Structure formats: structure tokens, C-alpha cells
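What follows is a single structure, written as C-alpha cells, with notes after it.
Everything quoted here is computed from the prediction, not taken from an experiment. We number each residue from 1, following the sequence as shown. Just follow the structure's listing: the first ligand is 1, and inside any ligand the first atom is 1. Computed over heavy atoms, backbone and side chain alike; hydrogens, waters and symmetry mates excluded.
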Amino acid sequence: MRLHLSTWPEIEAYLKSRAEVIVPIGSTEQHGPTGLIGTDALTAEMVAEGVGENTETLVGPTINIGMAVHHAAFPGSITLRPSTLIAYIGDYVNTLSAHGFRRFFFINGHGGNIASVNAAFYEIYAGYAAAAGAASERSNRPEPRCVLANWWECEQVKTLSRELFGGREGSHATPSEVAMTWYRFPQHVKSAHLDPPLAPAGRFFGAADYRSRFPDGRIGSDPSLATPEKGKQIYDAAVAGMTQAFKAFREAA
Ligand code: NI
């Protein structure tokens, strides 16, 4: 069930028995010479839809532009600054919270979002803490409960990617994420000469520094190992892992 494909009476009916919403969050940024620019948003969205189907939970609109400042020197990358992303998430959660949603399970496709998303959660909680005791409408509503789950970090995915790609998974433009998008969008499988086949790894600072250290955009990865078939395996593992994490969150929250 997707929020943007529903009507308001359907959402009103959903809220009579449920208070959970799954929020896919990704990024629109370069993913090396063969990875789609939308990779992080596409993977987060497909995993969120799988978890939503498994658990009959509403999936909100995908936040498909994230905090990708370090990718900004590559054509096509789009970034929000951290403060914009924090404000965006606050408005997203607070609006739905006013309608009665209480548990927000963010499924994330991009490491660069982590700090800002967690900061956003505390900005939201701070608003409630400040309102506590005040005679405002907000103080009468229960605080929302938010959690961020990174699909690539669940045990199921880590085990499988080790098995399939070993030390060639890397940390950006990974064969796992590239394969997942190729599984879902086989008409957009790309090919390019990767030189060197295994990209360099290491730290980086701003956008210009990133591009000078990682000239083709990849970090530590060899996405030539990606295939749509392996993408289906990674997708299934991610949906299984995130379904488990969602159920644990629902019980704890
Ligand atoms: Ni990515």
C-alpha cells in the first residue's frame, strides 16, 4: 500500500487500526561509470515496498534526494545540505504525526544520510520536549517514534554480499546495490570499462577532494561483478532482513 496511490478516506481507515508508516529514503548521486544515479533511492524504495507487502504496512513517498554533498562534483548528482534534509524530514514526520501516525520506520539506501536523519529525529523529539507541559495541541499528541534502518547493513545482506563479492563489495557503487537496480530495471543495465577493476578505498572530505581521490566515483568496489540475478538474491535478503527489523521496531515502539 503506497500513500501516494491511496485516497484520504483509505488513509483515514488505515489509521483506525494502524499507526506505522515505512519511509524510503535514498539519494540522487553518481554511482560510478555503470551504476544508476538513482541507485540509493531506487534500492530503498524497492526494499520498502517489499517490507510493506510482507507486513501490510503503508509506504510513504520516497525521499529521493539526500545528503550527497561529497558527490556534487559529478554531473547529475543532486544534494540537499544537511540542514535542508533535517528540516524536510521534520516536516514530513510532523505532518503525518498530526494525522495519527506514530511509528516511522525509515529504510535508508545511502550512508551519507545517516547523520542528518538521526539529527532530524532528535529535532522532532526536541519539539515535543519543549512543548511538554505547555497547553499546545502538540503536547496532547503522543510523540512519534522514529528509527533508521540501513538495508545494506542487515546480517542477511552482509553474509550474502560476502559470499557473492568477497572483498570486492567496497563502500560506494557496490556490486550489491548496482545489481539490485539492474534486477528491477533490466532495460537500464550499463556497461563500461572499469579502470582499475577494483576502485581505490580510503577517506575523503568535500566534493572536489572526493573526485580527485576517486576519479570514476567508486570507492573500494568492483561493480563489474553485478548481475540482475545476483541483484534478485540481494533484494530478497534485504527484504527479509528489513522485514525482521521492522517487526522488532513495531514491538519495541
Ligand atoms: Ni549507493
Side-chain angles (χ1 to χ4, degrees), residues 23-51 62-80 82 85 106-118 148-154 156-158 160-162 164-165 167-185 188-190 192 194 198-204 206-207 210-211 213-228 230-235 237-239 241-242:
V23 182
I25 179 165
S27 182
T28 298
E29 66 186 42
Q30 69 81 18
H31 269 74
T34 57
L36 309 181
I37 288 174
T39 296
D40 292 350
L42 297 170
T43 55
E45 182 167 79
M46 54 198 277
V47 173
E49 286 181 340
V51 176
T62 301
I63 300 174
N64 56 16
I65 299 178
M67 205 304 287
V69 166
H70 45 299
H71 295 291
F74 291 86
S77 296
I78 308 176
T79 183
L80 301 181
L85 184 57
F106 281 67
I107 293 185
N108 182 31
H110 173 52
N113 287 338
I114 296 172
S116 301
V117 175
N118 283 314
L148 179 70
N150 305 312
W151 69 257
W152 69 93
E153 280 184 341
C154 66
Q156 288 90 331
V157 170
K158 284 204 288 194
L160 181 61
S161 83
R162 240 187 331 263
L164 294 175
F165 309 121
R168 303 180 85 80
E169 168 77 355
S171 59
H172 185 66
T174 67
S176 293
E177 61 182 348
V178 169
M180 258 172 75
T181 63
W182 288 358
Y183 157 58
R184 178 55 63 92
F185 301 97
H188 296 296
V189 171
K190 312 285 182 181
L194 299 176
L198 183 65
R203 68 171 309 165
F204 55 83
Y210 182 112
R211 182 145 188 182
R213 290 173 197 255
F214 310 109
D216 78 0
R218 298 172 296 144
I219 302 181
S221 67
D222 178 5
S224 73
L225 302 173
T227 65
K230 290 175 193 163
K232 175 171 175 22
Q233 288 178 265
I234 297 281
Y235 166 78
V239 171
M242 290 290 98

Does either side chain, that of Thr62 or that of Glu45, offer a donor lying less than 3.5 Å from an acceptor on the other one?
yes
Taking the side chain from Glu177 and the backbone from Ala173, do they hold a donor-acceptor pair closer than 3.5 Å?
yes
So does Glu177 have any N/O/S atom less than 2.8 Å away from the Ni ion (ligand 1)?
yes
Sequence neighbours left out, what passes side chain to side chain donor-acceptor pair (under 3.5 Å) with Thr43? Give chain and number order.
Trp151
At the Ni ion (ligand 1), OD1 of Asp40 and NE2 of His31 open up to roughly (10° bins) 90°
Ignoring hydrogens and angles, write down the donor-acceptor pairs under 3.5 Å from the side chains of residues 64-71, residues two or more places apart or on other chains.
| residue | atom | partner | partner atom | Å |
| --- | --- | --- | --- | --- |
| His71 | ND1 | Gln30 | NE2 | 3.0 |
| His71 | NE2 | Glu29 | OE2 | 3.1 |

Does His110 bring an N, O or S atom to under 2.8 Å of the Ni ion (ligand 1)?
no
